[in-house]
Amino acid sequence: MARFIDEPSRTFNEYLLIPGYSSAECIPANVSLKTPLVKYKKGEEPAITMNIPLVSAIMQSVSGDRLAVALAREGGVSFIYGSQSIEDEAAMIRRVKTYKAGFVRSDSNLAPDGTLADVLALVEKTGHGTIAVTEDGTAEGRLLGIVTSRDYRISRMAPDLKVCEFMTPLEKLITAPEETTLKEANDIIWDNKINQLPIVDKDGKLCYFVFRKDYIAHKQYPDELLDVNKRYVVGAGINTRDYQERVPALIEAGADVLCIDSSEGYTDWQKFTIQWIREQYGDTVKVGAGNVVSAEGFRFLADCGADFVKVGIGGGSICITRETKGIGRGQATALIEVCQERDRYFEETGVYIPVCSDGGIVYDHHMTLALAMGADFIMLGRYFARFDESPSNRVMINGTFYKEYWGEGSARARNWQRYDLGGDKKLSFEEGVDSYVPYAGALKENVALSLNKVKSTMCNCGVLSIPELQEKAILTLVSSTSIVEGGAHDVIQKDATPAIK
């Protein structure tokens with residue numbers, strides 16, 4: 001006889017938070033949203049702590065290298081999608097890790113006999129306006145000069161003009177020796193009012209550039225998430241099929257954390273994947289696993305050695321797993337049960353394994369509810385797909401801009417590995433749809449607005465940190481009528497334009 005759970009599984013929309021006592025210190029400016037990304041032992045610090053509790057979903061239409069940089073600047077982490085070739089995913093990871101490193105290895109280089117046409121082609125290819133002119137045209141060659149946008153005017157110069165005729169030559173450049181520290185380099189930049197400082201070795205060969213804009217950017221993004229080498233932190237998605245080839249390439253490219261991308265994590269395939277990673281790398285490589293919706297699923301992945309566990313099956317806006325397979329669970333109920341098991345596991349073992357809530361977020365206040373229910377951080381797909389930085393196209397439909405958004409279980413994604421059950425290497429039926437979401441602009445402003453709402457709600461609850469919210473939050477179930485009562489009702493609104501949630 002099948003086992004029946006009589007209590008219905010709930011969604012975030014069926015809960016509200018009860019306000020708590022707010023002291024004079026409970027203002028949004030005092031709220032900390034720091035949260036652990038990977039497991040740690042009691043009394044120790046986690047290897048990676050995020051400054052905001054948001055990560056982007058492992059999806060083709062969401063997490064490319066451009067969004068990874070934008071989210072890391074705000075203090076979160078993107079998981080670059082794994083449904084692409086190993087080489088392409090590793091290249092995305094490298095672009096994130098080299099985007100800002102204090103000392104930047106030059107990726108735009110020409111020999112002195114290059115032309116203006118070569119300069120324009122290189123700027124178009126890399127997007128970087130500073131080009132090093134070296135003796136052999138490589139990043140390690142003897143530095144002869146640099147070319148920036150100040151050195152040429154397209155309308156007045158011939159495309160075949162040699163670089164050596166219009167570059168800023170070495171004798172007019174300020175450079176610094178190889179042993180210069182980052183602080184010293186920034187001091188030189190500011191004292192001399194320059195935009196870039198070439199770092200050269202004793203033989204005059206180019207080592208790195210240090211850029212003024214990187215220092216300025218750091219001041220504009222006080223919560224940016226950096227590794228020990230001052231590079232942006234980035235994650236990568238893996239599957240349970242080609243992990244023996246993919247994982248080494250991603251680690252070599254600089255990925256800080258991995259996550260098994262699967263619709264269902266309570267399987268031997270995830271166990272085998274984690275075991276192989278532990279055998280090869282020990283605990284130095286961090287890997288999350290999932291997805292699960294029960295205490296048993298969490299315990300299984302915890303015992304396998306997962307560094308964090310993702311919760312959620314069928315709750316994503318483009319996911320039709322529940323429709324096609326009749327499997328899943330309401331996100332709120334699943335999250336509450338898993339987080340309770342996480343706390344029991346911590347009491348028994350002294351090891352805290354963070355929980356990621358993946359799916360079911362429709363409104364900003366659902367983020368706060370997910371955190372109050374025990375989630376350490378939240379994985380979002382539709383939310384990030386709306387922004388400029390997501391990889392998908394922006395299209396206009398009936399005078400309104402939208403962004404394309406498709407599920408990893410859709411025919412468009414062709415990501416059969418995510419739904420692998422050990423059989424044929426194919427996607428037998430779709431578990432996701434191809435869709436559009438309303439375009440919302442830049443990530444920075446939208447994330448700031450969402451997190452201001454989270455902080456404000458936390459203050460209403462009388463708490464100043466996520467752990468304190470999880471300890472003190474009081475949640476109440478709401479009826480269908482009270483959900484209606486909670487929105488605008490019994491009035492004619494002046495502005496009938498639907499707001500972007």
Side-chain angles (χ1 to χ4, degrees), residues 64-70 72-73 78 80 84-152 163-164 166-168 170 173-176 178 180 182 185-186 189 194-201 203-218 224 226-227 229-234 236 249-256 389 391:
D65 52 285
R66 190 173 170 218
L67 190 128
V69 169
R73 281 177 163 176
S78 281
I80 302 295
Q84 59 180 320
S85 72
I86 295 172
E87 295 74 20
D88 287 346
E89 187 178 9
M92 281 193 175
I93 296 294
R94 281 193 196 90
R95 286 198 289 273
V96 177
K97 298 305 290 187
T98 58
Y99 186 88
K100 176 193 170 190
F103 292 98
V104 180
R105 180 180 166 83
S106 178
D107 69 350
S108 300
N109 311 284
L110 286 173
D113 59 353
T115 65
L116 176 59
D118 295 329
V119 168
L120 299 178
L122 199 54
V123 170
E124 175 69 22
K125 178 182 177 182
T126 65
H128 298 156
T130 298
I131 296 173
V133 182
T134 60
E135 200 168 51
D136 59 2
T138 69
E140 304 87 10
R142 190 167 66 86
L143 185 65
L144 302 179
I146 65 170
V147 173
T148 71
S149 59
R150 295 180 179 181
D151 294 310
Y152 58 86
V163 167
C164 58
F166 62 88
M167 69 181 184
T168 300
L170 179 63
L173 293 176
I174 295 172
T175 64
E178 191 174 5
T180 304
L182 185 59
N186 282 319
I189 286 172
I194 55 178
N195 290 323
Q196 60 279 313
L197 177 69
I199 307 295
V200 296
D201 67 14
D203 298 320
K205 293 183 177 180
L206 179 63
C207 300
Y208 307 100
F209 277 109
V210 177
F211 292 97
R212 173 191 286 259
K213 65 180 178 65
D214 286 345
Y215 178 85
I216 295 173
H218 177 66
E224 63 183 353
L226 305 175
D227 65 16
N229 296 312
K230 297 188 181 299
R231 302 175 301 177
Y232 286 127
V233 172
V234 63
L250 299 179
I251 296 303
E252 190 277 330
D256 297 279
E389 295 86 354

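What you see is a predicted model; the values in this text were computed from it and never measured.
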Could you pull out all residues at least two apart from [X] that satisfy side chain to side chain contact (heavy atoms under 4.5 Å, CB included)?
X	value
Ile174	Ile188, Asn192, Ile194, Leu197
Ala117	Thr115, Pro159
Ala249	Ile86
Asn109	Ser106, Ala132, Ala139, Leu206

message: Holding to ring-ring contact (aromatic ring centres under 6.0 Å, His included), I want the full list of residues that pass it with Phe211, two or more places apart in sequence or in another chain.
response: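 Result, ring-ring contact (aromatic ring centres under 6.0 Å, His included) vs Phe211: Phe209.
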Please name all residues satisfying side chain to side chain donor-acceptor pair (under 3.5 Å) with [X], sequence neighbours left out, ordered by chain then number.
X	result
Gln196	Thr130
Glu252	Arg94
Thr175	none
Asp151	Thr168

- prompt: Rounded to the nearest 0.5 Å, what separation is found between the CD1 atom of Ile251 and the CD1 atom of Ile93?
  reply: 9.0 Å
- request: First locate atom CD1 of Ile199, then atom SG of Cys207, and finally report the distance between them rounded to the nearest 0.5 Å.
  value: 8.0 Å
For residues 143-150, please give each side-chain donor-acceptor pair under 3.5 Å, one per line with the distance, not counting sequence neighbours.
unit_1	atom_1	unit_2	atom_2	d
Thr148	OG1	Arg150	N	3.3

Of all heavy-atom pairs between [X] and [Y], which one has the smallest distance, and what is that distance?
X	Y	answer
Ile80	Glu89	O-OE2, 3.3 Å
Val123	His128	CG2-O, 3.8 Å
Ala68	Ser78	CA-OG, 3.3 Å
Ala236	Leu250	CB-CD1, 3.8 Å

- request: Measure the shortest side-chain to side-chain distance between Leu122 and Leu110 over non-hydrogen atoms and say whether it is less than 4.5 angstrom.
  value: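 Side-chain contact under 4.5 Å: yes.
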- prompt: Between Asp256 and Val234, is any pair of side-chain heavy atoms under 4.5 Å apart?
  reply: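 The answer is yes; the side chains approach within 4.5 Å.
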Contacts of type salt bridge (charged side-chain N to carboxylate O under 4.0 Å, His left out), residue Asp227, not counting sequence neighbours: Lys97, Arg231
field: Asp203 (side chain) donor-acceptor with Lys205 (main chain) under 3.5 angstrom
entry: no
Where at least one partner belongs to residues 116-135, residue pairs that pass salt bridge (Lys or Arg N to Asp or Glu O under 4.0 Å), sequence neighbours excluded: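 Output for this query lists Glu135-Arg142.
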